[in-house]
Amino acid sequence: MSEPTRKYSISMPRDVAEAARARSGPSGLSAYVTAAVARQIERDNLAELIAVAEAEIGPLTAEEIREKGDFLVRAHKEESAIAEDGRSVA
């Protein structure tokens, strides 16, 4: 993640925070939470993509869902490569 970081204040249950801190390892709690949020965003994006596809063509098979997930992974990698090159993504 090459974007500049910014400090945020969040609230979470103590047991969740303590478990996350215990598992965060040498990279630290911020990196652990960042990775978890990034994974959730990927899941949300996939769910949105699936919903749009199902609205257009009906229920998707497991294979079609995997294809949508692969599409998002490729798009994310391409976006990251463009951002690393210093070119505009928008």
Side-chain angles (χ1 to χ4, degrees):
M1 298 186 185
S2 61
E3 290 290 318
T5 60
R6 189 169 174 186
K7 190 171 185 169
Y8 295 91
S9 175
I10 63 168
S11 299
M12 68 176 75
R14 182 176 303 198
D15 60 332
V16 173
E18 290 173 0
R21 186 175 299 281
R23 293 180 174 267
S24 64
S27 61
L29 183 60
S30 290
Y32 189 85
V33 171
T34 298
V37 171
R39 280 192 306 276
Q40 185 61 48
I41 290 169
E42 289 172 1
R43 288 183 183 126
D44 293 346
N45 289 341
L46 180 57
E48 290 171 7
L49 188 60
I50 290 168
V52 168
E54 288 184 333
E56 291 178 7
I57 62 173
L60 299 177
T61 66
E63 177 61 26
E64 290 169 322
I65 291 172
R66 275 192 295 279
E67 289 172 3
K68 301 294 182 203
D70 291 346
F71 170 80
L72 287 175
V73 168
R74 283 191 310 275
H76 178 73
K77 286 180 182 178
E78 290 171 8
E79 182 178 285
S80 295
I82 290 170
E84 288 176 9
D85 285 347
R87 291 178 273 163
S88 174
V89 178

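We use all heavy atoms of the structure for the numbers below, so side chains are in, but hydrogens, waters and symmetry mates are not. Residues: numbered from 1 along the sequence shown. Treat the numbers as computed from the prediction; the structure is a model and nothing was measured.
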* Structure fact -> So CD of E67 and CG of L49: to nearest 0.5 Å the spacing works out to 11.0 Å
* Asked: Can you name the closest pair of heavy atoms from E54 and L60 and give their distance?
  -> OE2-N, 3.2 Å
* Asked: Mind checking whether F71 and I57 sit in one hydrophobic cluster, side chains of I, L, V, M, F, W, Y counted as touching below 4.5 Å?
  -> yes
* How would you list, by chain and number, every residue that makes a side chain to side chain donor-acceptor pair (under 3.5 Å) with D44, sequence neighbours excluded? -> Q40
* **Same apolar cluster (I L V M F W Y, side chains within < 4.5 Å links), I10/V16** => yes
* **Set of residues satisfying side-chain contact (heavy atoms from CB on, under 4.5 Å) with respect to R14, sequence neighbours excluded** => E18
* Nearest 0.5 Å please: distance from the CZ atom of R39 over to the OG1 atom of T34. => 10.5 Å
* Test log, rule side chain to side chain contact (heavy atoms under 4.5 Å, CB included), inputs E48 and V52 -> CA-CA 6 Å; E48 290 171 7; V52 168; 5.6 Å; no
* Asked: Which pair of non-hydrogen atoms, one from P59 and one from E64, has the smallest distance, and what is that distance?
  -> O-OE1, 4.2 Å
* Who passes salt bridge (charged side-chain N to carboxylate O under 4.0 Å, His left out) against R66, sequence neighbours left out? -> E63
* To do: Measure the CD1-CG distance between I50 and N45 for me, rounded to the nearest 0.5 Å.
  => 11.0 Å
